[in-house]
Protein chains: 2
Amino acid sequence: MAERSRRERERERHRREVLEAAEAVFAQKGFYRATVQEIAERAEFAVGTIYTMFESKKAIYYELVQMRAREYTESVRETIRQLTDPREQIRAVVAAKLKFFEENQQFFRIFTSATSGEDREAPFALSEEARKVYADYMRMVSDVFREGIRQKVFVQMNPLLLTLALEGITNSTIAHSIHTGGEKLAEATPERIERLLFGGILARQDPQS
Amino acid sequence: MAERSRRERERERHRREVLEAAEAVFAQKGFYRATVQEIAERAEFAVGTIYTMFESKKAIYYELVQMRAREYTESVRETIRQLTDPREQIRAVVAAKLKFFEENQQFFRIFTSATSGEDREAPFALSEEARKVYADYMRMVSDVFREGIRQKVFVQMNPLLLTLALEGITNSTIAHSIHTGGEKLAEATPERIERLLFGGILARQDPQS
DNA sequence: TTAGAAATTGAATATATATTCAGAATACCA
DNA sequence: TGGTATTCTGAATATATATTCAATTTCTAA
């Protein structure tokens, strides 16, 4: 009985090790150029062993995306839950997002190709499950905007569009940071993004005629 | 002589036909799931013929990306050149971008996976040439921001970050529009994006205490 | 200590598809 | 019209890699 459980724990641990190896390989090469061989080597298992843990290469990819998407969504949900002011909630979401992807740079690459537009990179469509998690996330953030609009804190505009703007700004910033050698994102950047997002790019009308 | 030229024109036309077929297939399936077979069928040539026009599948992809990237960059360059006020230039760039990608939705999908972050989807790196074109484009837009900042029209902030914000907002908006069945992007959207980008998401401080 | 169960292995298999190339079709010119 | 150059063709080849599975190793419990 205790035995049963130890084996199971081992098995779980091994699966997680494979998923982490896979994350590194997928992030670096994308789904198609990544080989099961390489994932196996990185996880220090033989190819055959991988196939006793996962149905297929696709299954690994799916499970990985789903796992991280869930972690991310949960972290944002928690962030929102702890605050009530919409403005502060958005602030916190930006910070949480930067933090999460700073800690999960590899996943960011997978994340963007998996969510941006459609999913040509993915084997075919994302799993229904992952799709739901993502939709959930978008709805969550949109709801904050909706409430903020109701309170007249945010501009009167389709909350989805505001969410898209938020996503767009943060994504391009994260991408750039990672691209140019991952700077300290979580530090100065949240303020800059907030400044832009909240105030826009126009200079305050002090100096202009 | 005139003969030589006719053959050459034919050849050019055929190449373009193949590139267009390839664009559709790559956009739909991404580089790896696209097959040369399918591109050939779509262009109404035999596989072998494709290989008399292009070195390889990769070469087709590269040439395609390069061609469109150049078109796009040129259209933006022209847009900027025709105006002098930075604020109007940015406005026009947004409009031009939306218009271009509304007319080239297929390419948008290729474009984002080719530029976002790195290029895991692409065979390996984008061609040096395409990379240059893209860097050029970013510099062009950054320069507008720089000038606007100098004129105190835009907020004092790293022009590159402003460009990233612009790119982020427009990309996520375009992606969403395409995703949800390509609405009339070029119409109402530029104004909304400008409103957001220029003014930010905070409501003007009229009603709030 | 050992029989059996479970986990691991990696060489062999299956499959998919990029690329080649010998020959067929076509265009051109004398 | 016939001969040559050019273009086109698609079956055959080459290659890469996902997946399988018989054999081996490791673990467990009596």
Side-chain angles (χ1 to χ4, degrees), chain A residues 1-26 28-65 120-124 127, chain B residues 1-26 28-65 120-124 127:
Chain A
M1 314 298 102
E3 195 281 307
R4 185 77 260 240
S5 164
R6 111 131 15 175
R7 279 221 162 139
E8 220 146 77
R9 266 180 289 130
E10 286 271 277
R11 193 180 157 67
E12 222 8 80
R13 190 164 53 76
H14 289 176
R15 278 176 63 89
R16 221 168 289 132
E17 280 167 13
V18 172
L19 285 174
E20 267 157 37
E23 181 171 37
V25 180
F26 284 139
Q28 179 171 86
K29 313 213 163 170
F31 182 79
Y32 287 101
R33 290 198 303 138
T35 70
V36 175
Q37 185 61 238
E38 189 173 351
I39 293 171
E41 272 163 25
R42 191 165 195 127
E44 294 177 271
F45 283 109
V47 202
T49 312
I50 303 285
Y51 279 87
T52 66
M53 309 181 198
F54 298 92
E55 190 81 355
S56 64
K57 183 182 172 187
K58 248 193 288 195
I60 301 176
Y61 186 83
Y62 282 173
E63 185 158 336
L64 171 63
V65 170
R120 297 161 16 287
E121 157 80 351
F124 35 85
S127 70
Chain B
M1 317 294 105
E3 194 281 308
R4 184 78 258 240
S5 164
R6 109 128 21 173
R7 280 225 161 132
E8 220 147 77
R9 267 180 288 131
E10 285 271 277
R11 192 179 158 68
E12 223 6 80
R13 188 164 53 75
H14 289 177
R15 278 176 64 88
R16 220 168 290 132
E17 281 166 11
V18 172
L19 285 174
E20 267 156 37
E23 181 170 38
V25 179
F26 284 139
Q28 179 171 87
K29 313 214 163 170
F31 182 80
Y32 287 100
R33 290 197 304 139
T35 69
V36 175
Q37 185 60 237
E38 190 174 349
I39 292 171
E41 272 163 24
R42 192 166 194 128
E44 293 177 273
F45 283 109
V47 203
T49 312
I50 303 285
Y51 280 87
T52 66
M53 309 181 198
F54 297 91
E55 191 81 355
S56 65
K57 183 182 173 188
K58 250 194 285 196
I60 301 176
Y61 186 84
Y62 282 173
E63 184 157 336
L64 171 63
V65 170
R120 297 160 18 285
E121 156 80 351
F124 35 85
S127 71

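Lettering of chains follows the sequences in order, A, B, ..., and the numbering in each one begins at 1.
Comparing atom distances between the B:Thr35 side chain and each of C:dT8, C:dA18, D:dT19 picks out C:dA18 as nearest. The side chain of A:Ala46 lies closest to C:dT9, out of D:dC8, C:dT9, D:dT19. With D:dG10, C:dG10, C:dA18 as the candidates, the nucleotide lying closest to the side chain of B:Val36 is C:dA18. You'll find that the side chain of B:Val47 is closest to C:dT19, out of D:dT19, C:dT19, D:dC8.
Heavy atoms of A:Ala34 sit under 4.0 angstrom from primed sugar atoms or phosphate atoms, though from no base atom.
The phosphate of D:dT9 (OP1 or OP2) has a side-chain N or O of B:Thr49 nearer than 4.0 angstrom. Look at B:His14 and you won't find any side-chain N or O under 4.0 angstrom from OP1 or OP2 of D:dT7. Phosphate contact (OP1/OP2 of D:dT19, side-chain N/O of A:Tyr51, threshold under 4.0 Å): present.
No more than 12 heavy atoms of other residues, nucleotides or ligands lie within 6.0 Å of CD in A:Glu44, so this atom counts as exposed by the packing criterion.
Rounded to a whole Å, the CD atom of B:Glu38 is 15 Å from the P atom of C:dA16. Here D:dT7 presents its P atom at 13 Å from CZ of B:Arg15, a figure rounded to the nearest Å. Atom P of nucleotide D:dG10 and atom CD1 of B:Ile50 are separated by 12 Å, given to the nearest angstrom. Rounded to whole angstrom, the span from the OH atom of A:Tyr61 across to the C1' atom of D:dT19 amounts to 21 Å. For the pair B:Phe45 CZ and C:dT26 P, the computed distance is 14 Å after rounding to whole Å. A:Gln37 has its CD atom 10 Å from the P atom of D:dT17, to the nearest Å. In this structure, B:Lys58 atom NZ and C:dT17 atom P are separated by 18 Å, rounded to whole Å. Rounded to whole Å, the distance from CZ on A:Arg9 to C1' on D:dC27 is 15 Å.
The line from CZ of A:Arg16 to CE of A:Met53 is 12.5 Å long, rounded to the nearest 0.5 Å. Taking OH of B:Tyr61 as the start and CG of B:Leu64 as the end, the distance is 8.0 Å to the nearest 0.5 Å.
Residues A:Gly48 and B:Met53 both approach DNA chain D. Their nearest nucleotides, taken by heavy-atom distance, put B:Met53 toward the 5′ side.
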Stepwise side-chain contact (heavy atoms from CB on, under 4.5 Å) test for A:Phe45 and A:Ile39 | CA-CA 9 Å; A:Phe45 283 109; A:Ile39 293 171; over 6 Å; no

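Remark: the backbone N or O of A:Ala34 is paired with a side-chain donor or acceptor of A:Lys57 at under 3.5 angstrom.
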